[in-house]
Every structure is written in structure tokens, then in C-alpha cells.
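Okay, so here's the structure we're looking at.
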Amino acid sequence: MENNQIQEVTFDGETYSIENLTPRAIEAFNTLFKGQQKLNDLAIEVRLAQAGISSLNADLRTILKEDKIKSTVKVEKEKRG
């Protein structure tokens with residue numbers, strides 16, 4: 001069985017050996033990685049929500065067309081000075 005443990009991490013263009021990291025540095029790396037993963041997950045949720053909104057917009061356009069609902073025309077009054 002292969003050893004799949006991370007041996008090194010890269011940060012700011014520098015590579016660090018895991019065995020040289022202090023517990024505090026390991027915690028900071030873990031927090032950063034989890035934060036980045038959470039941000040990626042949120043980005044996916046945003047894309048899914050945007051797709052849902054696009055679908056709802058299309059549905060509303062269809063409803064307005066099928067139900068023959070016309071938009072109103074606004075007539076602006078002329079200002080007299």
C-alpha cells in the first residue's frame with residue numbers, strides 16, 4: 001500500500017517540508033486549505049443559484065407570453081418651466 005501522506009506544501013512560491021512545520025504552522029496551513037475549499041464550494045453554490053435564476057427568468061418570460069400579459073407603457077409628463 002502506498003503512503004499518500006503529504007510530504008511538502010508550497011506557499012508564496014516556496015516549498016516547505018511538512019516535517020519542519022511547527023504545530024502552529026500546520027494549523028495555519030490547514031485553516032487556509034479548508035478556507036480555500038469552502039470558498040470553492042461557495043463558488044459552485046453561486047453558479048448553481050445563478051443557473052436556477054436563469055431558469056426562473058426563462059419560465060417567467062414563457063408565462064408572460066403564454067398568458068398574453070402585455071407590459072405597460074409609461075407616458076412622462078412634460079415639465080413646464
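The figures here come from the full heavy-atom set of this structure, side chains too, leaving out hydrogens, waters and symmetry mates.
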When you group the ILVMFWY residues by side-chain heavy-atom contacts below 4.5 Å and let the links chain together, are Phe33 and Leu39 in the same group? no
Ignoring hydrogens and geometry, is there a side-chain-to-backbone donor-acceptor pair from Glu76 to Lys74 under 3.5 Å? no
Is there a donor-acceptor pair closer than 3.5 Å between any side-chain N or O of Thr22 and the backbone N or O of Ala25? yes
Could you go through residues 41-62 and list every donor-acceptor pair under 3.5 Å that involves a side-chain atom there, pairing it with any protein atom two or more places apart or in another chain?
unit_1, atom_1, unit_2, atom_2, d
Ser54, OG, Gln50, O, 3.1
Asn57, ND2, Ile53, O, 3.4
Thr62, OG1, Ala58, O, 3.1

To the nearest 0.5 Å, what is the distance between CD on Glu14 and OG1 on Thr10? 9.0 Å
Hey, what do you get for CD1 (Ile26) to CG (Asn20), rounding to the nearest 0.5 Å?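 Separation between the atoms: 10.0 Å.
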With a cut-off of 6.0 Å (strictly less than), are more than 12 heavy atoms of other residues, nucleotides or ligands near CD of Gln37?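 No, the 6.0 Å shell around CD holds no more than 12 heavy atoms from other groups.
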Check side-chain hydrogen bond (donor to acceptor under 3.5 Å, both in side chains) between Ser17 and all other residues, then give those that pass, not counting sequence neighbours.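 Once residues adjacent in sequence are excluded, Ser17 has no partner under the side-chain hydrogen bond (donor to acceptor under 3.5 Å, both in side chains) criterion.
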Taking every heavy atom of Ile18 against every heavy atom of Glu8, the minimum-distance pair comes out as CG1-N, 3.8 Å
Between Phe29 and Phe11, what is the ring plane arrangement, given parallel below 30°, perpendicular above 60°, and tilted in between?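 Phe29 and Phe11: perpendicular rings.
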